[in-house]
Amino acid sequence: MSSIQLGDKEFVPYLSEEKILSAVRDVAAKVERSYSGKKPLFIVVLNGSFLFAADLLRNFSFDCEVSFVKMASYSGTSSGNVTELIGLNENISGRDVVIVEDIIDTGNTITKIFEKIIAQQPSSVKVATLLFKPGVYKKNIPVEYIGLEIPNDFIVGYGLDYNGLGRNLRDIYVIKKQHNPL
């Protein structure tokens, strides 16, 4: 892994593909233990979660269903207001639901999705995320399945982007810190 340039920002290696896939397998095993004998509905939050969801589901050996919602909360490197773009179109009343997120930081996006889903009276709702930033999480929605905890750094790769770039990277990169000389 070497540094990369995406638009006007430089990023350096952070998490290797091997470490990411190991975390995905761990999350899948935990979800399987919770849903043995059930058929959960995985609700995948696009765009960033598409790679995590694909690998998670390939490691999930029970029957399940998949649906998608698309939310927006970032512009460049800063978090903004959460805007729903594409909603859930199916009846989830009485279903066991697993919300699949790529990364949870402040919790604004997961709260909006959780509230929308819980209003439809599912049997259960749990949250699975590849990456979790506990230092900035400010909500009370429980996050049951966490792949990796990370500090509050801006990262790209494995579905995560900077202005639409970098989602296709197999590894995860962190924005290079600029040090100002004294």
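In this text, all values refer to a predicted model and were calculated from it rather than measured experimentally.
Counting only heavy atoms from C-beta outward, the side chains of L41 and D96 never approach each other to under 4.5 Å. In this structure, V24 and F52 have side chains that are in contact, with non-hydrogen atoms separated by less than 4.5 Å. Using a 4.5 Å cut-off on side-chain heavy atoms (C-beta onward), F114 and V125 make contact. Taking the side chain as every heavy atom from C-beta outward, I20 and R170 never approach each other to under 4.5 Å. Annotation: side chain of V45 is in contact with side chain of I113 (closest heavy-atom distance under 4.5 Å). When side chains are defined from C-beta on, V143 does not count as touching I110, because their heavy atoms never get closer than 4.5 Å. For the pair D8/Y162, a side-chain contact is recorded, criterion being any heavy-atom separation below 4.5 Å from C-beta on. No side-chain heavy atom of F62 sits less than 4.5 Å from a side-chain heavy atom of C64.
For the pair Y14 and P151, the tightest heavy-atom approach, listed with the atom from each and the gap, is OH-CD, 3.1 Å. When all heavy atoms of F50 and N47 are compared, the pair lying nearest together is CD2-O, 2.8 Å. The shortest heavy-atom contact between P122 and V97 is CB-CG2, 4.0 Å. In terms of heavy atoms, P13 sits closest to V174 at O-CG1, 4.4 Å. Of all non-hydrogen atoms in D102 and G48, the two that sit nearest each other are OD2-CA, 3.1 Å. Closest heavy-atom contact between I146 and K30: O-NZ, 4.1 Å.
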Given salt bridge (charged side-chain N to carboxylate O under 4.0 Å, His left out), test R95 with E65 step by step and report yes or no.
-> CA-CA 11 Å; R95 300 286 312 270; E65 294 180 36; 3.6 Å; yes
Run the numbers on L56 and F42 for side-chain contact (heavy atoms from CB on, under 4.5 Å), then give the verdict.
-> CA-CA 10 Å; L56 177 68; F42 289 89; 4.2 Å; yes
So I99 and T129, side-chain contact (heavy atoms from CB on, under 4.5 Å) or not? Walk me through it.
-> CA-CA 8 Å; I99 302 170; T129 187; over 6 Å; no
I175/V156 under side-chain contact (heavy atoms from CB on, under 4.5 Å): CA gap, chis, key distance, verdict | CA-CA 8 Å; I175 197 165; V156 298; over 6 Å; no
Show the numbers, then the answer: is there a side-chain contact (heavy atoms from CB on, under 4.5 Å) between E144 and V31?
-> CA-CA 9 Å; E144 287 85 358; V31 173; over 6 Å; no
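We find that K177 and D153 are joined by a salt bridge, their nearest charged nitrogen and carboxylate oxygen being less than 4.0 Å apart.
N91 contributes atom CG, which lies 10.0 Å from atom CD of Q121 (distance to the nearest 0.5 angstrom). The CG atom of L160 sits 6.5 Å away from atom CG of L131, with the distance rounded to the nearest 0.5 Å. Here the CG-NZ distance, from D105 to K133, works out to 5.0 Å after rounding to the nearest 0.5 Å. The line from CG of L6 to CZ of R167 is 11.5 Å long, rounded to the nearest 0.5 Å. A distance of 8.0 Å separates OG1 of T106 from NZ of K138, quoted to the nearest 0.5 Å. Atoms CG and CD1, on D161 and I155 in that order, are 11.0 Å from each other to the nearest 0.5 Å.
When only modelled atom types and interatomic distance are considered, Y35 and D63 share no side-chain donor-acceptor pair under 3.5 Å. Counted by atom type alone, Y158 and D55 present one or more donor-acceptor pairs between their side chains at under 3.5 Å. Side chain to side chain, D171 and S16 fail the donor-acceptor criterion of an N or O pair below 3.5 Å. With 3.5 Å as the limit, one finds a donor-acceptor pair spanning the side chains of E90 and S67. Between the side chains of S3 and E10, at least one donor-acceptor pair of N or O atoms lies under 3.5 Å. Using modelled atom types and a 3.5 Å distance limit, the side chains of T109 and E101 yield no donor-acceptor pair.
Panel note: side chain S22, backbone E18; no donor-acceptor pair is recorded below 3.5 Å. Panel note: side chain E32, backbone S36; no donor-acceptor pair is recorded below 3.5 Å.
Relative orientation of the F154 and F11 rings is tilted, given thresholds of 30° and 60° on the angle between their planes.
Follow the hydrophobic side-chain contacts under 4.5 Å out from V136 and you never reach I141; the two are in separate clusters.
Counting heavy atoms of neighbouring residues, nucleotides and ligands inside a 6.0 Å radius, atom CD of E149 exceeds 12 of them.
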